[in-house]
Structure formats: C-alpha cells, structure tokens
Amino acid sequence: MASLELSGINKSYGDTVAVAEIDLKIEDNEFFCIFGPPSCGKTTILRLLLGLVAPDTGEVRIGGEVVTDAPPKERNLAMVFQNLALFPHMTTRQNLAFPLTERKMEKSEVEARINSVAETLHITPLLKKLPAHLSGGERQRVAIGRALVRDPGAFLMDEPIAALDARLREEMRVELKRLQREQNHTLVYVTHDQEEAMSVADRMAIFEDGRIRQIGTPTEIYNKPNSRYVAELIGSPPMNFIDGTFADGKFTAEKENVIVAIDGVSASGAATLAIRPEDIEIRDSDQPGIDAKVYEVEPLGAFTIVDIIIGEKIVKVQVTGQPDFELGSGVRLNFDPLNCHLFDGVSGDIIAHAKH
Amino acid sequence: MASIELINLTKKFGDLTAVNDLNLVIPDKEFVALLGPSGCGKTTTMNMIAGIEMPSEGSILFGGEDMRTIPANKRDVGFVFQNYAIFTHMTVRKNLEFGLKVRGVEKSEIKRRVQNMADLMRLNDRLDWRTSKLSVNELQKVAIGRSAVTEPEIFLLDEPLSNLDAAFRAFMRTELKHLQHEFQQTMVYVTHDQIEAMSLADRIAVLDMGLLQQYGTPNEVYNKPHNTFVANFMGSPSMNLLPCRLTNGGGDHALDFGDAGTSMIEDGELMRRCKLARNADVVFGMRPEDIDIQPREVGRPGIDMEVSFVEPIGPRTVVHLSAGSHSIKVAKDKQYPIELGAKVKAEFPKGRCHIFDAESGNAIGLE
C-alpha cells in the first residue's frame with residue numbers, strides 16, 4: 001500500500017486555525033492513530049488527505065507523489081465514517097458491490113472480491129440481509145467491507161467504532177488490527193478514546209489546538225510524555241499531578257508535604273511532579289512516607305482504585321486485586337523518585353522523565 | 001428511613017415487557033447501581049421509583065410506605081439526568097439556591113448549604129459565573145449540586161457522567177461517592193458502564209431484557225457471577241468463556257476444548273462443581289487477570305496456545321492467545337514483554353475457575 005505524507009501544512013477557516021505546522025509521515029503498512037480531544041484538528045487531517053479541503057500552505061504526498069491539487073477520486077483512498085452510510089434498500093452483497101459496479105468492474109471480479117472480503121470480515125452469512133436486519137456491529141463490519149473491496153492505497157477511518165457499546169468496541173478494535181496486519185494496509189485512524197488508540201496503533205500523534213504535541217509508539221508516549229498535556233490525556237485512571245517548586249535537586253510541595261529528590265536535574269522554579277496511579281506504593285501508617293488518608297475506595301474487580309488525600313489534594317492509586325481499606329484511615333505513600341516525571345510548572349514541558 | 005422496596009414490579013408497554021417481575025430491596029443510605037445494556041429496563045425501573053411511570057403490576061415502597069398514590073412531586077426524590085437541566089440565564093449560585101428557595105428554606109440555611117455544596121463540588125470560584133460560561137464538565141457538577149443541595153432522602157441519577165470526558169469522569173466518580181458518604185442518602189444510579197457501577201455502588205443490580213440477573217456487592221458480582229451474562233458483562237477485558245465438554249476418560253476428569261486440546265482438572269473445587277453438571281456441555285470461565293502465561297514444558301493444567309495480539313494499554317497489557325477455534329485474553333500488570341507468535345501455555349490456577357451450564361448459562365455448583 002501507500003505511505004502518506006503531510007509537510008508544512010497550515011489550514012485556517014477565516015480567523016480560526018484548523019491545523020498548523022503539520023509535518024507527518026505515515027509509513028507504508030502502518031496503523032497510525034490521530035488522537036486528541038474534540039475540535040483539535042483530527043478530522044481536518046483526514047479531509048486534507050482525502051482532498052476534501054486544500055491546505056493554505058504545504059504539500060500532501062501519497063506513495064511519494066505530490067497530490068496537493070489532485071481531486072479526491074484520483075487519490076484512491078477509502079474512508080469509513082462513524083455514522084456509517086449503508087444503502088438501506090440494498091442487501092449486504094449489493095452494498096459491497098456498489099463501489100465496484102460504479103467503477104464498471106467485471107461481474108466475475110466483483111463476485112470474487114465480495115466473497116473474499118466477506119470471508120475476511122466473517123460476514124458471509126449476512127450477504128443476503130438488509131441493513132435493517134443487522135446489529136450495530138454487523139453493520140459496522142459491512143461498512144468496513146465496503147471500503148475494503150475497493151483495494152485502495154490507504155484507509156482513513158474517523159471514529160469508526162465510537163457508536164458501538166463497550167464490549168463490541170473491544171472486540172472490533174482487535175478485529176481491525178488483525179485485518180490491518182494480515183492485509184498489510186496503511187491505516188489512519190482517528191479516535192478520542194486513549195485506550196483504543198494505545199491498543200491498535202503502531203504509532204500515534206497527539207493533537208492540541210490543531211498542532212501535533214507528540215508522535216511515538218503507544219509505549220513511548222505512555223512512558224515518556226513530553227508535556228503535561230500529553231501526560232494528562234494518556235492513561236486511565238489519569239496520572240497524578242502535584243504542583244510545587246524545584247530547587248537544589250529537590251521537588252517540594254508544601255501543602256502536600258511532598259519532598260522528592262530527583263537526580264541530574266539542575267532547573268529551578270515552579271514545577272509539577274507527576275506519577276502514574278500504578279506506580280504509587282501504599283504503606284502502613286507506621287512506615288516511612290508521605291502522610292495521607294484514605295478518601296474513597298473504588299473496587300474494579302481485577303484491581304482497585306484507592307483515592308487518597310494528601311494535604312488538600314486527592315491522589316489516585318491503583319492496586320492489583322481486591323484489598324480492603326478503611327475509609328478515613330491513615331496511611332503512608334511512597335513516591336519512588338524513579339517513577340516520577342517532572343514538568344515545568346509554567347509551560348508544562350517535560351524537565352525529567354521517570355527512569356523506569 | 002428511606003429504604004426502597006420493589007415488589008413483583010412489572011412494566012409493559014403494549015406487547016413489550018420492559019421490566020419483568022422485579023424484586024429488589026435497596027436498604028436505607030445505600031448506593032445501588034442498576035446496571036445493564038440498553039433496553040434492559042434500568043431506566044424504566046428508575047422512572048417508576050421517581051413516579052414518572054406507573055407500574056403495570058407490583059408495588060414500590062419507600063420506608064415501608066406504598067407509593068402507589070403518591071405523585072412524583074411529593075416523593076422527596078432528587079433526580080439528575082444525563083442531559084443536565086439547569087437554568088442557563090442564572091448564575092451558579094442562583095441555580096444552587098433555587099430548589100431551596102422553592103422549598104421555603106431559611107436564608108441563612110440556604111447560604112450555609114450552598115457554600116457547603118460549592119466546597120464539596122469544587123465550584124467555589126465559579127459561584128458568581130453565568131452558567132452559559134461554564135464547560136460541560138462544570139455544568140454537570142452544577143446539575144448534581146443543584147439536586148443534592150436540597151438533601152432529598154432518595155437521590156436518583158440516570159447516566160449522569162456519560163457525556164463527560166474520561167479524565168473528568170474518573171474525578172466525578174470519586175466525588176459522587178464521597179457526596180453519598182457525606183449526605184448519607186439512598187442513591188440509585190442507572191448506568192450501562194460496569195466500571196462506574198463497580199467503583200461507585202455498595203450493591204449492583206445487573207439487569208438484562210427486563211429481568212434481574214444478579215444482585216450483590218461489586219466483589220460478589222465480579223467474583224461469583226450467577227450466569228454467563230453477568231460473567232461477560234462485568235470486567236474489562238471481559239471474562240474468557242470457552243465452550244467445552246467434560247470428559248471422564250480412564251477415571252481422569254478433563255475439559256475437552258476440541259481443536260484446542262484437553263486440560264486435566266486438578267483443582268478440587270472445580271472438580272466438585274463439574275461433578276454437579278447435568279450435561280457434559282459446559283462453558284469454562286476464567287478472568288483475564290487470573291490466567292498465567294508459562295513456557296510449554298511446565299506440566300500443569302492448561303492449553304498450549306500462541307500469542308496472536310498484544311495490546312499495551314498503559315497500566316496493563318492485554319495478551320491475546322489462540323489455539324484452534326478458541327481465543328482468550330490474558331491481562332498482565334504494567335508492560336509485559338512478549339512476542340507475537342510466541343508458543344506458550346495458558347495455565348489456569350486453582351480456585352480461580354468458573355463453570356457454567358452450556359444450555360442455560362447458569363453457574364454450576366456456586367456456593
């Protein structure tokens with residue numbers, strides 16, 4: 001399949017900047033996620049690639065060829081939307097055949113393609129059914145199938161499974177990943193669900209207000225977020241942040257009574273200490289550590305989230321299993337310096353990553 | 001006393017039975033979640049508790065008193081919906097005061113309660129803002145605060161967090177739970193999100209197709225699901241449910257997974273339960289976090305499988321294993337290094353197995 005490249009792209013609508021300074025190369029056969037909160041420019045990126053909007057400045061390349069001014073139909077990209085558009089009066093087979101007969105493909109070839117795609121997506125038993133008789137997940141498969149039969153240069157998907165219920169979403173994302181890997185597709189996938197992005201992406205780009213804040217593999221981004229913004233968005237339950245100051249190699253938050261020495265950092269001034277819920281250790285109240293009190297306990301079966309107060313701040317700690325904690329009881333917390341990130345208190349940029 | 005009793009509660013809409021003979025006791029001051037997929041009858045049940053819908057059959061008691069003839073506005077019930085209903089032309093303070101003024105609460109008491117609620121919901125610096133200037137997250141805080149400030153004995157919430165972003169949802173979960181502990185209200189919470197139900201509720205009522213599937217504490221429902229519906233619905237990733245046959249070749253009991261091979265039963269508890277099975281066709285259940293991944297040479301019970309997919313989802317890694325027509329998910333803490341295609345053994349530790357009848361889906365020999 002084809003690589004996709006955006007270089008030096010800016011796009012505004014009047015005074016509103018949709019995307020700015022975009023340099024992005026999506027490799028051949030890569031599963032690439034575009035992730036960010038609503039109206040951060042995710043969908044504009046897809047529209048630029050598809051050719052539905054033209055950039056103000058910059059270049060779009062598909063498979064190495066410049067297509068900035070090429071109309072959508074010459075780009076050979078297939079798109080799957082969140083609100084899937086199936087023809088309600090056509091059976092699954094007719095829906096799948098539509099993009100092919102439109103292109104005047106031979107009948108035997110159409111049949112062969114439909115059968116092969118139906119098999120890959122496990123929808124062969126549904127071929128004679130109308131959309132009204134399909135479940136949400138089945139309809140989504142057919143919509144993906146309709147993009148698949150075309151044999152495009154790359155797939156673009158805009159929140160394709162966001163409308164499905166949680167269990168089905170978990171299944172479909174695995175299915176999509178399997179499909180992409182088996183068929184060596186280039187796939188650009190827009191989502192606002194961080195777990196979904198982490199699960200399927202080879203690499204992902206995190207957007208804020210039309211700009212890319214970080215690009216990397218899910219593990220890189222989880223372990224080494226380059227800003228507080230990225231750190232806040234990735235991970236559930238979210239990372240804990242404690243505002244304070246950094247001086248003489250030590251982070252201090254007075255209200256919370258947190259002091260953590262971090263090696264090899266010479267910066268000084270306002271700083272934010274950040275630590276993931278699974279990286280905090282809860283100790284008995286007679287052990288050394290930060291003085292704290294149990295605020296609430298949230299059992300989740302496989303693990304438990306313990307909300308703990310230090311000073312006036314609530315810190316979330318994730319513990320494996322179903323341990324018992326008494327509400328209001330005193331505990332001590334241990335922040336291992338090796339597990340702590342340090343961000344600039346003003347800009348939010350990273351000063352030092354956790355060492356683990 | 002504001003316990004809620006639902007007795008043989010049924011609601012029909014034409015031919016459709018939305019709620020089917022529901023019996024449920026919600027004790028005073030408890031936080032109970034009504035949990036299930038869309039169409040399971042949870043919202044209809046809540047609407048009947050509120051008095052918005054009348055039951056077709058059965059009755060509802062508040063603190064032992066029959067509510068049949070009591071209209072919605074006389075039930076002392078607070079209500080928060082998914083789509084927050086607040087006055088957009090008023091400030092946050094006025095919104096919080098509104099319900100108290102209507103009830104003729106004294107001025108100094110209004111001031112005290114509004115201040116207390118603002119502290120609790122962390123809305124202090126927003127009190128004099130117009131609500132039109134607030135974010136979606138803040139609006140929902142105001143909506144919850146507005147209802148909670150009147151301190152109703154019974155507080156009903158219908159998916160109040162589902163429109164919020166993930167991080168704020170996690171924050172609000174904690175705050176709601178704390179609110180309930182502070183005010184000691186009887187809380188009924190409708191949700192389709194099992195994580196919310198688990199983390200918030202003292203007890204969960206799991207509903208499907210208008211029928212109560214199980215009622216228990218979060219850990220009871222998670223650890224001892226009564227049937228495959230509950231087993232599958234609770235937990236993320238969901239429980240692995242593998243159809244198989246009980247075999248009894250040469251005195252050794254085993255689970256025959258067909259093209260994925262056979263696993264010996266050495267677990268005494270599982271053995272006891274398997275002996276109670278009426279049919280040889282069963283469903284073997286195992287939580288993703290309970291499965292061990294081992295090298296193949298280790299001779300303990302399990303199935304030889306291959307790694308088909310790895311999901312690094314932050315605090316945990318979900319490893320997908322497959323063999324023949326079966327595939328399972330295994331959840332490991334933190335980042336778990338394993339190669340795609342690796343040949344491993346999925347091992348089932350003792351005391352962590354579930355077994356269900358294949359036909360009825362009911363748990364076999366649950367104690």
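Quick note on labels: first sequence line is chain A, next is B, and so on, each numbered from 1.
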So A:Val174 and B:Lys329, side-chain contact (heavy atoms from CB on, under 4.5 Å) or not? Walk me through it.
CA-CA 11 Å; A:Val174 176; B:Lys329 285 161 282 181; over 6 Å; no
[X] portion near chain A, given a 4.5 angstrom heavy-atom threshold:
X: B:Glu311; value: both
X: B:Pro218; value: side chain
X: B:His320; value: side chain
X: B:Ser236; value: both
X: B:Pro37; value: neither
X: B:Arg169; value: neither
X: B:Leu340; value: side chain

Would you give the length of the straight line joining atom [atom1] of [X] to atom [atom2] of [Y], rounded to the nearest 0.5 angstrom?
X: A:Thr304; Y: B:Asn219; atom1: OG1; atom2: CG; answer: 7.0 Å
X: B:Ser238; Y: A:Glu171; atom1: OG; atom2: CD; answer: 7.0 Å
X: B:Ile313; Y: A:Met198; atom1: CD1; atom2: CE; answer: 7.5 Å

Looking only at atom types and distance, does a side-chain atom of A:Arg167 sit under 3.5 Å from a main-chain N or O of B:Asn232, one as donor and one as acceptor?
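Yes, because the side chain of A:Arg167 sits within donor-acceptor range (under 3.5 Å) of the backbone of B:Asn232.
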Go through the atoms of [X] and report whether side chain, backbone, both or neither lie under 4.5 Å from a heavy atom of chain B.
X: A:Glu312; answer: backbone
X: A:Ile305; answer: side chain
X: A:Asp193; answer: neither
X: A:Ala302; answer: both
X: A:Ile314; answer: side chain
X: A:Arg178; answer: neither

Count the heavy atoms of every other residue, nucleotide or ligand shown that sit under 6.0 Å from [atom1] of [X], and state whether that count exceeds 12.
X: A:Lys293; atom1: NZ; answer: no
X: A:His133; atom1: NE2; answer: no
X: B:Lys224; atom1: NZ; answer: no
X: A:Glu326; atom1: CD; answer: no
X: A:Arg203; atom1: CZ; answer: yes
X: A:Asp324; atom1: CG; answer: no

Quick one: closest heavy-atom pair of [X] and [Y], and the distance?
X: B:Pro315; Y: A:Gln318; value: CB-NE2, 4.1 Å
X: B:His178; Y: A:Tyr295; value: CD2-OH, 2.8 Å
X: A:Glu296; Y: B:Thr174; value: CG-O, 4.0 Å

Modelled atom types, side-chain donor and acceptor of B:Gln335 and A:Thr219, under 3.5 Å:
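Note: B:Gln335 and A:Thr219 side chains miss the donor-acceptor criterion.
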Within residues 224-241 of chain A, which positions have a heavy-atom distance to chain B below 4.5 Å?
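Residues of residues 224-241 of chain A touching chain B at under 4.5 Å: A:Ser236, A:Pro238.
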Report the option among A:Gln322, A:Arg276, A:His192, A:Glu170 that has the most heavy-atom pairs separated by less than 4.5 Å from atoms of chain B.
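Sorted descending by pairs with chain B, the first entry is A:Gln322.
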Pair B:Lys177 + A:Glu298, salt bridge at N-O below 4.0 Å:
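Judged by the 4.0 Å cut-off on N to carboxylate O distance, B:Lys177 and A:Glu298 do not form a salt bridge.
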Please list, chain by chain and in numerical order, all residues satisfying side-chain hydrogen bond (donor to acceptor under 3.5 Å, both in side chains) with A:Asp202, sequence neighbours excluded.
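A:Asp202 satisfies side-chain hydrogen bond (donor to acceptor under 3.5 Å, both in side chains) with A:Lys177 only.
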